2 protein chains.
Amino acid sequence: MKGDLYKCLNNANRRKILYCIGEEEKCVNEIAECLDIEQSLTSHHLKDMLDCGLIEKRREGKRFYYKVSESEIIEILEKGKDLGDKLEERC
Amino acid sequence: MKGDLYKCLNNANRRKILYCIGEEEKCVNEIAECLDIEQSLTSHHLKDMLDCGLIEKRREGKRFYYKVSESEIIEILEKGKDLGDKLEERC
DNA sequence: CACTTATATAAATCTCCTTTCATATGAAAG
DNA sequence: CTTTCATATGAAAGGAGATTTATATAAGTG
């Protein structure tokens, strides 16, 4: 397993991807469009997250659908967001 | 506020520091010794975490004591650890 | 006041990450 | 079987982050 959880979370595009496929699986182009980034960049990020087990991939014809593998990750993102907001208030 | 929560969490030394001062405040040298890293490096990491509001600093004579500012951060670390372990099992 | 202890900081270096660009692969459609 | 669509991959460029080394500051001690 390459890469780790925290590395995956330390990038806004990857976090957006997680939110984007958190509710329902999406294919690469849908994700790229959702984040308004290049397909290539999307694929790179998906690979990283796949490598660390955070997401899963399923083929359907020429498309690949991705989804979050453990829904806990969304909870962690929410907790992180809450804490981030709280820390901002301190400044 | 420089740096963000996820950046702070994306480094093993910084995570160790959080665990190290999570229970009780410690001064810089204690932290450096606890992690077995240089004082200088410790200070750098402490500054980053201070900048993002994750920890707090208190002076006592020539020493500075650091502690975690929001105990939630430890919960997030625990959740992250659990999820990390779970993801490892998949591979 | 000189010395020591505790911490901070700045510069330099090295490593790692992100993004872009070009290209490859592979399925489906005509 | 050529073209198109969907995705993956590799290399290169640029930037950000981690660590080390050397030095500064500031408090406490004799």
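Being a predicted model, the structure only gives us computed values, none of them experimental. Within every chain, numbering begins at 1; the chains are lettered A, B, ... in the order of the sequence lines, protein sequences first and strands thereafter.
Within the 4.0 Å cut-off from OP1 or OP2 of dA8(C), at least one side-chain nitrogen or oxygen of Tyr66(B) is found. Between Lys47(B) and dT7(C) there is no side-chain N or O to OP1 or OP2 distance below 4.0 Å.
Residues Ile37(A) and Ile31(A) fail the side-chain proximity criterion, which asks for heavy atoms closer than 4.5 Å. In this structure, Arg63(A) and Asn29(A) have side chains that are not in contact, with every pair of non-hydrogen atoms separated by 4.5 Å or more. The shortest side-chain heavy-atom distance between Val68(B) and Glu25(B) does not fall under the 4.5 Å cut-off.
Within a 6.0 Å sphere centred on NZ of Lys67(B), heavy atoms belonging to other residues, nucleotides or ligands number 12 at most. A 6.0 Å sphere centred on CD of Glu78(A) holds more than 12 heavy atoms belonging to other residues, nucleotides or ligands.
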Show me the protein contacts with nucleotides 24-30 of chain C, counting only N or O atoms at under 3.5 Å.
none

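At a cut-off of 3.5 angstrom, the base of dA6(D) holds no donor-acceptor pair with the side chain of Gln39(A). The base of dT7(D) is not paired with the side chain of His44(A) by any donor and acceptor separated by under 3.5 Å.
The distance between atom CZ of Arg58(B) and atom C1' of dT7(C), rounded to the nearest whole Å, is 15 Å. The distance from atom CD1 of Ile37(B) to atom P of dT7(C) is 13 Å, rounded to the nearest whole Å. Separating the CG atom of Asn29(A) from the P atom of dT4(D) is a distance of 17 Å, rounded to the nearest angstrom. For the pair Glu38(A) CD and dA6(D) C1', the computed distance is 15 Å after rounding to whole Å. Atom CZ in Arg63(B) sits roughly 14 Å away from atom C1' in dT29(D) (whole-Å rounding). Residue Leu46(B) contributes atom CG, which lies 13 Å from atom P of dA18(D) at whole-angstrom precision.
Using a 4.0 Å cut-off between charged side-chain N and carboxylate O, Lys79(A) and Glu75(B) make a salt bridge. The pair Asp51(A)-Lys47(A) meets the salt-bridge criterion, since a charged nitrogen lies less than 4.0 angstrom from a carboxylate oxygen.
Residue-level contact check: Ser40(B) touches the bases, meaning some heavy atom is under 4.0 Å from a base atom.
Judged by distance alone, the side chain of Arg14(A) and the main-chain N or O of Cys8(A) form a donor-acceptor pair under 3.5 Å. Counting only distance, with no hydrogens or angles, the side chain of Thr42(A) and the backbone of Val28(A) share no donor-acceptor pair below 3.5 Å.
Between the side chains of Ser43(A) and Gln39(A), at least one donor N or O lies within less than 3.5 Å of an accepting N or O.
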Contact letters for nucleotides 13-18 of chain C, in which S counts primed atoms plus P, OP1 and OP2 and B counts the base, heavy atoms under 4.0 Å:
----SS
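Hydrophobic clustering, with ILVMFWY side chains joined whenever heavy atoms are under 4.5 angstrom apart, keeps Tyr65(A) apart from Tyr19(A).
Rounded to 10 degrees, the angle separating the terminal axes of the helix from dC1(C)-dG30(D) to dG30(C)-dC1(D) is 10°, with each axis obtained from five end pairs.
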